[in-house]
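Reviewing the structure listed below.
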Amino acid sequence: MGQTVTSSLQSGAKAPKTIAMKENTEHQALADWLQAVANERSKAAFTHLFKFFAPKIQRIAASKYGNETLASEVVQETMSNVWRKAHLFNPDKGSPTTWVYTVMRNVSFDLLRKIKTKKEDNLSDDFWPLVESSEAEDADSQFQDHLASKEVMRCIDTLPEEQKCVVKGFYFMEMSQEQLAQHLGIPLGTVKSRLRLALAKLKQQIGGEK
Amino acid sequence: MISCHPTQEMLEKFANGELPATLAAAVSIHAEMCSECKAQIAAYTEQQAESGFNGVSSHASSANVNDEDVFAGIDIDDLIAAITATDEIDIALEDKEKTITVKGKEYVLPRALTNMTMSNWSSIGKLARSRVELGEGEIRASLLQIQPGGSVPEHTHKGFELTLLLDGSFEDDMGVYGPGDFIVLDGKHTHNPVSHEGCLCYTVSNDAQHFTQGINKLLNPFGSFIY
């Protein structure tokens with residue numbers, strides 16, 4: 001679906017080929033930065049994202065709401081959500097620009113609602129969930145594998161390589177965090193943060209216990 | 001099979017975050033039940049994102065100058081440092097299902113409604129209603145339950161009325177409706193919905209209903225009860 005929209009947009013462009021190519025490389029870079037923020041908490045990657053998106057968000061919000069202060073607030077909220085939610089970005093589901101746009105749209109909706117109705121109920125994530133609800137097929141398979149081990153393995157397989165190593169080493173090979181650090185030749189702190197990110201992601205995908 | 005859908009304009013406004021919460025909730029619920037509208041919303045969102053983010057950058061050189069101008073006088077590094085100072089990440093757990101029980105019947109609430117404040121249920125005959133408190137002035141949202149065999153007296157609308165069928169079915173002289181149907185009526189329409197099997201609806205209206213027949217005229221003051 002994303003495919004068809006992109007191609008129809010591109011075919012409508014004036015110089016389809018060059019623009020498409022420019023967009024593709026641009027999208028690739030943006031997606032890489034988002035993943036670097038998600039997986040490594042990379043501040044350098046975030047700075048690139050900030051420099052790309054912040055001025056555009058400022059301009060879009062200022063022209064939409066006619067208010068520079070409100071626009072700055074939208075920028076700040078949006079970018080800090082990008083920092084905290086980057087792990088929810090899924091390159092298979094859409095482009096990085098669309099994802100950041102939805103983050104901005106949600107932030108703006110909640111901000112405006114707060115101003116107009118004095119309500120701080122932050123409904124946007126309920127209206128436009130950043131995480132898709134699980135597929136209908138889950139209902140059938142729910143009880144066949146009650147420890148959900150297949151599901152867990154499938155989720156682990158979707159982790160970035162370096163997080164996968166740490167999770168498998170720690171949980172399946174029962175290595176200590178120190179052993180893992182030594183074995184992989186990385187600092188202990190890195191092992192810890194990779195584990196933490198990996199677990200957050202798994203929790204996210206599996207749903208967790210309330 | 002869903003036969004009534006939001007208009008394209010509504011879907012586009014929803015994608016842009018421009019609908020009031022009362023209506024955004026309705027479109028969101030409908031889209032969860034209707035893959036066509038969901039795909040359409042995704043397409044509008046993508047278009048908006050493209051024109052917003054890529055559109056500006058295609059005026060290459062002038063946009064670059066502007067990009068710096070926009071933040072003239074603001075220390076970007078400070079902003080970035082402030083944002084990245086926290087190492088917390090947002091874990092969006094999938095929503096736990098929330099159910100409500102009305103007159104002994106249990107319903108699973110759509111996700112869009114799970115965090116909304118609702119008033120106690122009040123009822124007249126076979127109708128029961130709970131107001132959804134969204135604070136949008138004259139645009140008011142409610143959950144309306146019609147018990148089996150119940151009906152809403154024939155009425156017209158002074159403003160608009162949206163009925164989104166969540167569960168069960170009802171019919172009026174224009175057709176039979178089922179879950180997911182998104183029915184918008186305005187002052188031009190008169191209708192008299194009857195539900196044989198009972199139903200639960202999410203309704204939004206910007207004015208009280210106007211009852212048109214005989215004894216029901218007496219009910220007029222109650223128009224605001226139902227919607």
Side-chain angles (χ1 to χ4, degrees), chain A residues 1-2 5-6 9 19 23 26 41 43 46-47 50-51 53-56 58-60 72 76 79-81 83-88 94-95 97-98 100-102 105-106 108-109 112-113 116-119 121-131 133-134 193 197 200 203-204 207-208 210, chain B residues 14-21 24-25 27-28 32 39 41-43 45-54 56-58 63 66-71 74 76-77 79-84 86-96 110-117 133-137:
Chain A
M1 171 197 64
V5 174
T6 323
L9 277 171
I19 289 183
E23 276 179 13
E26 192 171 77
R41 310 305 280 148
K43 293 187 187 184
F46 183 74
T47 306
F50 192 97
K51 288 188 173 155
F53 284 111
K56 297 180 174 65
Q58 177 82 26
R59 219 175 299 129
I60 293 169
S72 319
Q76 209 159 330
M79 292 315 295
S80 82
N81 277 353
W83 174 249
R84 286 182 285 124
K85 295 178 199 257
H87 58 285
L88 300 178
S95 74
T97 42
T98 303
V100 173
Y101 176 83
T102 60
R105 188 253 335 265
N106 288 13
S108 312
F109 182 87
L112 282 183
R113 182 163 160 73
K116 282 191 201 151
T117 68
K118 309 274 176 286
K119 297 233 180 213
D121 40 15
N122 298 330
L123 296 169
S124 65
D125 286 350
D126 292 337
F127 294 169
W128 299 278
L130 292 175
V131 182
S133 48
S134 48
S193 66
L197 282 167
K203 213 167 170 185
Q204 171 90 51
K210 294 234 162 145
Chain B
F14 173 75
N16 297 347
E18 289 164 359
L19 290 179
V27 177
S28 170
E32 287 291 297
I41 290 165
T45 309
E46 194 153 340
Q47 266 174 27
Q48 279 300 317
E50 292 296 321
S51 65
F53 288 143
N54 297 335
V56 274
S57 76
S58 61
N66 285 344
D67 273 11
E68 280 158 23
D69 282 357
V70 170
F71 285 108
I74 297 174
I76 296 185
D77 295 335
L79 262 176
I80 293 173
I83 290 171
T84 56
T86 166
D87 208 17
E88 276 171 33
I89 56 174
D90 285 3
I91 307 207
L93 284 182
E94 234 172 66
D95 282 302
K96 342 102 206 170
R111 173 181 40 211
L113 304 180
T114 47
N115 291 307
M116 293 184 180
T117 314
E133 316 285 355
L134 288 167
E136 294 185 322

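So that the names make sense, note that chain A is the first sequence line, chain B the second, and so on, each numbered from 1.
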Task: salt bridge (charged side-chain N to carboxylate O under 4.0 Å, His left out) involving A:Lys85 - partner list, sequence neighbours excluded - done: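 By the salt bridge (charged side-chain N to carboxylate O under 4.0 Å, His left out) rule, A:Lys85 matches A:Asp125, B:Asp90.
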
Under a 4.5 Å heavy-atom cutoff, which of [options] has the most pairs with chain A?
| options | answer |
| --- | --- |
| B:Glu133, B:Met116, B:Gln48, B:Glu136 | B:Gln48 |
| B:Ser28, B:Pro20, B:Pro110, B:Gly137 | B:Ser28 |
| B:Asp77, B:Ile89, B:Thr84 | B:Thr84 |

Open item on the list: Are A:Thr97 and A:Glu26 packed together at the side-chain level, in the sense that at least one heavy-atom pair is separated by less than 4.5 angstrom?
Closed with: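 A side-chain contact is absent here, since even the closest heavy-atom pair is not under 4.5 Å.
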
Open item on the list: Less than 4.5 Å apart, side chain to side chain, heavy atoms only: is that true for B:Leu134 and A:Thr117?
Closed with: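 SC-SC contact between B:Leu134 and A:Thr117 ruled out.
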
- [ ] Applying ring-ring contact (aromatic ring centres under 6.0 Å, His included), name anything that partners A:Phe109, two or more places apart in sequence or on another chain.
- [x]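 Only A:Phe127, A:Trp128 meet the ring-ring contact (aromatic ring centres under 6.0 Å, His included) criterion with A:Phe109.
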
Task: Interface moiety of B:Leu113 toward chain A, non-hydrogen atoms closer than 4.5 Å - done: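 The answer is neither part of B:Leu113.
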
Open item on the list: Report which part of B:Glu18 has an atom under 4.5 Å of a heavy atom belonging to chain A: side chain, backbone, both, or neither.
Closed with: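 Side chain only.
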
Please classify the contact of [X] with chain B as side chain, backbone, both or neither, using a heavy-atom distance under 4.5 Å.
| X | result |
| --- | --- |
| A:Leu197 | side chain |
| A:Ser108 | neither |
| A:Ser95 | side chain |

Open item on the list: Please report the interatomic distance CD1(B:Ile83) to CZ(A:Arg84), rounded to the nearest 0.5 Å.
Closed with: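 B:Ile83 CD1 to A:Arg84 CZ: 9.5 Å, rounded to 0.5 Å.
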
Task: Shortest non-hydrogen separation from B:Thr86 to A:Arg41 and the atoms involved - done: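 Looking at all heavy atoms of both residues, the closest pair is O-NH2, 4.4 Å.
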
